Amino acid sequence: MSQEIDAQSNFVYAMIQEDLEAGKHDGRVHTRFPPEPNGYLHIGHAKAALLNFGIAQHFGGKFNLRFDDTNPIAEEEEFVDSIIEDLRWLGVDWEDRLFFSSDSFDVKYRFAERLIEAGLAYVCDLSTEQIRNYRGTLTEPGTDSPYRDRSPAENLDLFRRMREGDFPDGARVLRARIDMTSGNVNLRDPVLYRILHATHHRTGDQWCIYPMYDFDHPFTDVLEGITHSLCSIEYSDHRPLYDWVVDHAMELMPEVAQCRSRQTEFARLNMTHMVLSKRKLRRMVEEGHVEGWDDPRMPTISGLRRRGVPPNAIADFQERVGVARSDSTVDMAMFHFCIRNDLETKAHRRMVVLEPIKLIITNWPEDSVERVELENIPNDPGAGTREVPFGREVYIEREDFMEDPPRKFHRLSPGEEVRLKGAYAVMCNEVIRDDSGNIAALHCTYDPATRSGNDTSGRKIRGVVHWVSAAHAEPLTVNLYDTLFTEEDPEAAGDGDFTQSINPESLRIRTNAMGEPCICDSPPGARLQFMRKGYFYRDPQRPTSEGIIFNRIVPLKDTWAKIRKKSKK
RNA sequence: UGGGGCGUCGCCAAGCGGUAAGGCAGCGGCCUUUGGAGCCGUUAUCCCAGGUUCGAAUCCUGGCGCCCCAGCCA
C-alpha cells in the first residue's frame, strides 16, 4: 500500500555507514535520546527519538534512553514518567538501558578533579554578571578571569569546598580553561559546574554542585559508549567543546571511557499552523488557550495520542520528512496524509450524521425495518461486514441537502434523487418547515428497484449520502478539531505574538450527532472512519457517564469543498 | 568588524563532476454505491555572477539571502 520510504537516504545514515565501512567503533552503533525531564515531549522530540532508535535498529546497534537531569531546579519526576509513557507509546524500546545523567555524578566529579589537576579547569569567583562582562561580545574577544591562573592545589581545595557546601549559590563556579579570545563564544572558558543548593529529583540533597550540559553531556556519551551523538543544529557551535570534553575524558578517565563519541547535528522539526517549543506550548497551557498539555489540539505526544493519532503515522511522518541540516517547515498536510494513509486500511467504517436533518420516506411502510449489509472496510473482505437497520425515518447530514443547489452538487435537493449509502435511492418531494421557517424535515419517496446490490432501475444515481435510521440512532458528542493556528506561520502574524493567530474554531463540538447502532460496540480507544467525514477516535479518557464522545483525528479529503471554494473565487 | 550553519519544484528531500529521485500539495483524466480510497498523467537546470572542465546542482572565486551563538538552561 504505502510505498517504501528510503529512510536511509539521509546524511546521518550515510555517515554511519561510512564509519562502519571504515571500521570505527569495532562495527558498533550505539545511540541515545537525551530528554531533559522539564516538560512534555512533542512531535519534534518524536523525530529525534525515532531517528535515534531507528538508527540503532537499522544497524543492529543499541539505543539508550537517558534523562539529562543536571538542573534540579527545572526538573521533576512527573516529566520522567510522562516521557517514558510517551516513548513507549511511540514504540521506542531502550530495553534495560534507562539511564539518568545523575546516576554518574560521582564519576563526573572525579573527572572534574582531574581536569583541575591537569590545569584544564579552575574555580572562578566572578559573579554571573562579571562573567558575562569578561566574556566579551560576539565581535569582541573576552578577557581572562583574574582567577584563571590559580594553582591546581588551590582549585582542588576550592572545588572540594564547593561540593562540601561551604559557599552559597552563585559564589563560585568551575570553569574550563580554554580560550577567552575564541571567535566561538562557547570556548571562552565555559562554566562546568555551578553551586545549586537544591533538591534533585533523584539524588536528593546529596549534591549542591551540578554539572552543566556542555560538560555532562559529552562525558555521559563517553561513559555510555555512545558512538553517534545526534542533536539539533543549534548545538553546532558546541561541537568543539563537546570534542574538548571527549578528548580529555579519553585521556584522563581511561578506566571508565567507553568510546570516542562524535556529535552530529540535524535540523529540528517545524510544522505549519503550529508552534513547537516548550516555552510557547507552556504558554498555550498556562494562558488557558487549551485544556492542558494533552489537549487533542496540542502537538505534544500526549495530545496527539488523545486526539487519536496512531503512533505508526508519526513514525511514517518522521521518515517521509527525512533528516537534513537545512531549516525547514513541513506542511501540516503531510502529517495529515500520513494519518489518513495509516487509517485507510485499518479503520472500520461507520455512518454518523454530525448535524442531522430528518428525512421521511413517505412511501415506506410504518414500522417496517430492513437490514442492509455494509462492508467494514471496502476492498477488504477480511474485515467483515455489518448489518445496519433502515427504516421510514432516517437522519442525513444537513449540508447534504440544498434547496437551491449550485452546479455539481451531487446530493439531495428538491426533485432530485440521491442514494442512501447501501440502501435505496430517494427522491425529495417536499421540504417541511417549522414555525420559524427552518427546514424541519424532508419528505421523500424511495424506489424499491434501487435496492443496493441489485439495482434494477437502470438509472445511474450520482450522489451517495450517509444516513442513520432515526429509530435506531445512537446520540453522540463529537469534537471537531482543527489546527490551533489560522496562520501557516503563527509567529509571522500578530506582530510576532503567536497567540494572536490562535484559531477560534480549533474546537467545534457537535452535541446532536447520531450514529448507527453498532457505534456502541466500539470500545474507548477505537479509531473509526465516519464515512464521508473523517477519522475519529473514541476518547478513552472520558468517563462513559458523559455519553459516547468521539474526537476527530483528521477530516477526509473534501473534493466538494475544494470545488465550492474554487467557484467562489 | 566575530564564530557556526543553510540555500535543489508551492512544502519536505535525494544527488558527492557525466548531463535534476521520491513524497506531500496542486492540476488534468480514469474508476468509484465514501465527491474517500485506488489508478494514469503533469510541474525545476539547482540563490546570483564569474571561473575550472569535453562536461558542474556537484570543484574554485566573489557576491546575495536566511538561521543559530554573548544562561552559573538544555
Side-chain angles (χ1 to χ4, degrees), chain A residues 1-3 5-6 9-11 14 34-36 38 68 70-71 73-75 124 126-128 131-133 135-142 169-175 182-188 190-196 210 212-214 216-217 231-240 265 267 272 278 319-338 340-341 344-345 349 351 374 377-379 408-411 419-423 425 450 452-453 455 461-466 488 529-534 556-563:
Chain A
M1 185 47 255
S2 63
Q3 302 78 352
I5 304 301
D6 192 5
S9 66
N10 68 59
F11 80 99
E36 181 188 13
N38 72 340
D68 240 327
T70 56
N71 183 357
I73 293 165
E75 296 145 9
C124 180
L126 255 25
S127 70
T128 306
I131 285 184
R132 193 191 322 126
N133 294 145
R135 185 152 38 221
T137 69
L138 292 179
T139 51
E140 294 157 335
D169 288 3
R172 291 176 222 263
V173 291
L174 182 72
R175 292 229 251 169
S182 173
N184 183 344
V185 190
N186 294 116
L187 262 21
R188 320 239 260 232
V191 172
L192 266 24
Y193 268 90
R194 77 283 215 191
I195 300 170
L196 244 35
Y210 291 91
M212 296 286 289
Y213 168 88
D214 281 317
D216 184 276
H217 194 88
C231 62
S232 49
I233 212 106
E234 60 267 31
Y235 289 100
S236 298
D237 289 345
H238 296 243
R239 191 170 354 115
E265 313 85 21
T272 61
K278 280 182 190 170
E319 289 193 353
R320 284 174 191 269
V321 165
V323 184
R325 290 183 64 90
S326 53
D327 288 335
S328 62
T329 303
V330 180
D331 197 325
M332 185 67 88
M334 174 119 62
F335 186 45
H336 285 176
F337 168 83
C338 293
R340 290 193 202 100
N341 198 232
E344 162 64 21
T345 54
R349 274 55 170 177
M351 293 198 289
L374 287 170
I377 300 177
N379 310 316
K408 294 183 181 172
F409 184 77
H410 301 146
R411 302 180 186 188
R419 173 174 297 281
L420 297 175
K421 171 72 189 175
T450 57
S452 185
D455 188 327
I461 294 141
R462 279 196 196 113
V464 179
V465 142
H466 61 103
E488 273 200 6
Q529 184 195 99
F530 290 178
M531 295 191 79
R532 304 209 307 133
K533 285 293 156 191
L556 245 32
K557 273 213 223 168
D558 190 347
T559 307
W560 171 239
K562 207 180 290 175
I563 294 170

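Note that the coordinates shown come from a computational prediction; the quantities given were computed from them, not determined experimentally. Chain identifiers are assigned alphabetically (A, B, ...) following the order of the sequence lines, protein sequences preceding nucleic acid strands; residue numbering begins at 1 within each chain.
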Tell me which nucleotide, if any, is Watson-Crick or G-U wobble paired with A56(B) when both distances must be under 3.5 Å.
none
With the stacking rule set at 5.5 Å and 30°, tell me whether Y213(A) counts as stacking on A74(B).
no
Could you tell me which non-hydrogen atom of A425(A) sits nearest to which non-hydrogen atom of I461(A), and how far apart they are?
CB-CD1, 3.5 Å
Which heavy atom in S326(A) sits nearest to a heavy atom in A267(A), and how many Å separate them?
O-CB, 3.3 Å
Hey, does M212(A) reach any base, or is it just sugar-phosphate, or nothing, if we go heavy atoms under 4.0 Å?
sugar-phosphate
For atom P, what is the distance between G63(B) and G23(B), given to the nearest Å?
40 Å
How many angstroms lie between atom CG of D331(A) and atom CE of M334(A), to the nearest 0.5 angstrom?
7.5 Å
Using 4.0 Å as the upper bound for N to carboxylate O, is an ion pair formed by R349(A) and E344(A)?
yes
Ignoring hydrogens, what is the shortest heavy-atom contact between H238(A) and N186(A)? Give both atom names and the distance.
CE1-ND2, 3.5 Å
How close or far is atom C1' of G36(B) from atom NE2 of H466(A), stated in whole angstroms?
12 Å
Any R135(A) side-chain N or O less than 4.0 Å from OP1/OP2 of G3(B)
no
In whole Å, I'd like the distance from the CD atom of E265(A) to the C1' atom of C69(B).
13 Å
First encountered from the 5' end of RNA chain B, between G453(A) and G136(A)
G453(A)
Please name the nucleotide paired to C39(B) by Watson-Crick or G-U wobble geometry with both distances under 3.5 Å, or report none.
G29(B)
Roughly how far apart, to the nearest Å, are G22(B) and U42(B) at atom P?
10 Å
My understanding is that a pair needs two contacts under 3.5 Å, Watson-Crick or G-U wobble. By that rule, which nucleotide pairs with G2(B)?
C69(B)
Between G35(B), C72(B), A74(B), which nucleotide has the shortest distance from any of its atoms to the side chain of R532(A)?
G35(B)
Under a 3.5 Å cut-off for both contacts, is A44(B) paired Watson-Crick or G-U wobble with anything, and if yes, with which nucleotide?
none
Classify the nucleic acid contact of Y193(A) as base, sugar-phosphate or nothing, counting any heavy atom under 4.0 Å across all strands shown.
nothing
Rounded to the nearest Å, what distance is computed from the CH2 atom of residue W560(A) to the C1' atom of nucleotide G35(B)?
9 Å
Using the C1' atom as the point on both nucleotides, what is the distance between C47(B) and C64(B), in whole Å?
7 Å
Base, sugar-phosphate or nothing for L420(A)? Non-hydrogen atoms, less than 4.0 Å.
nothing
If I compare all heavy atoms of Y213(A) with all of D68(A), which pair ends up nearest, and what's the gap?
CE1-OD2, 4.0 Å
Nucleotide nearest R132(A) (side chain, heavy atoms from C-beta), chosen from G35(B), G2(B), G71(B)
G71(B)
Smallest separation among heavy atoms of N184(A) and D237(A), with atom names
ND2-O, 2.8 Å
Counting distance alone, no hydrogens or angles: does the base of G36(B) have a donor or acceptor under 3.5 Å from a partner atom on the side chain of E344(A)?
yes
Euclidean distance, atom CG of residue N133(A) to atom C1' of G71(B) [Å, nearest integer]
14 Å
Hey, does R411(A) reach any base, or is it just sugar-phosphate, or nothing, if we go heavy atoms under 4.0 Å?
base
Rounded off to whole Å, could you give me the OH-to-C1' distance for the Y235(A) and G71(B) pair?
12 Å
With a 3.5 Å distance limit and no angle check, can you tell me whether R188(A) reaches the backbone of S182(A) through a side-chain donor-acceptor pair?
yes
In whole angstroms, how far is the P atom of G35(B) from the CD1 atom of I461(A)?
14 Å
Closest heavy-atom pair, Y193(A) versus M212(A), reported as atoms and distance to 0.1 Å, is N-CG, 4.3 Å
Heavy atoms under 4.0 Å, any strand shown: does I377(A) hit a base, just sugar-phosphate, or nothing?
nothing
Strictly below 4.0 Å, N to O, side chains only: are D455(A) and R419(A) in salt-bridge contact?
yes
Identify which nucleotide among C73(B), C68(B), A37(B) has an atom closest to any side-chain atom of K557(A), counting heavy atoms from C-beta outward.
A37(B)
Indicate for each nucleotide in nucleotides 4-14 of chain B, in 5' to 3' sequence, whether protein heavy atoms under 4.0 Å reach the base (B), only the sugar-phosphate (S), or nothing (-).
SSS----SSSS
Separation between the C1' atoms of A20(B) and U8(B), rounded to whole Å
8 Å
Using both distances under 3.5 Å as the test, list the Watson-Crick or G-U wobble partner of A14(B), or none.
none
Between A13(B) and G41(B), how far apart are the two C1' atoms, rounded to whole Å?
23 Å
With side chains defined as the heavy atoms from C-beta onward, is the minimum distance between L138(A) and V185(A) less than 4.5 Å?
yes
Is the phosphate of C69(B), meaning OP1 or OP2, less than 4.0 Å from a side-chain N or O of R188(A)?
no
To the nearest Å, give me how far apart CD (Q529(A)) and P (G35(B)) are.
11 Å
For C9(B), the nucleotide meeting Watson-Crick or G-U wobble distances (both under 3.5 Å) is none
Roughly how many Å is it from CG in N186(A) to C1' in A70(B), rounded to a whole number?
9 Å
Whole-Å C1' distance, U43(B) and A21(B)
15 Å
How is T559(A) classified with respect to the nucleic acid when contacts are heavy atoms under 4.0 Å: base, sugar-phosphate, or nothing?
sugar-phosphate
If pairing requires Watson-Crick or G-U wobble contacts with both distances under 3.5 Å, which nucleotide is the partner of U19(B)?
none
Within the structure shown, what part of the strands sits under 4.0 Å from L187(A) by heavy-atom distance: base, sugar-phosphate, or nothing?
nothing
Sugar-phosphate, base or nothing in reach of F409(A), heavy atoms under 4.0 Å:
base
Check for me: is H217(A) stacked on A74(B) by the 5.5 Å centroid and 30° plane-angle rule?
no
What contact category does K562(A) fall into here, base, sugar-phosphate, or nothing, at under 4.0 angstrom with non-hydrogen atoms?
sugar-phosphate
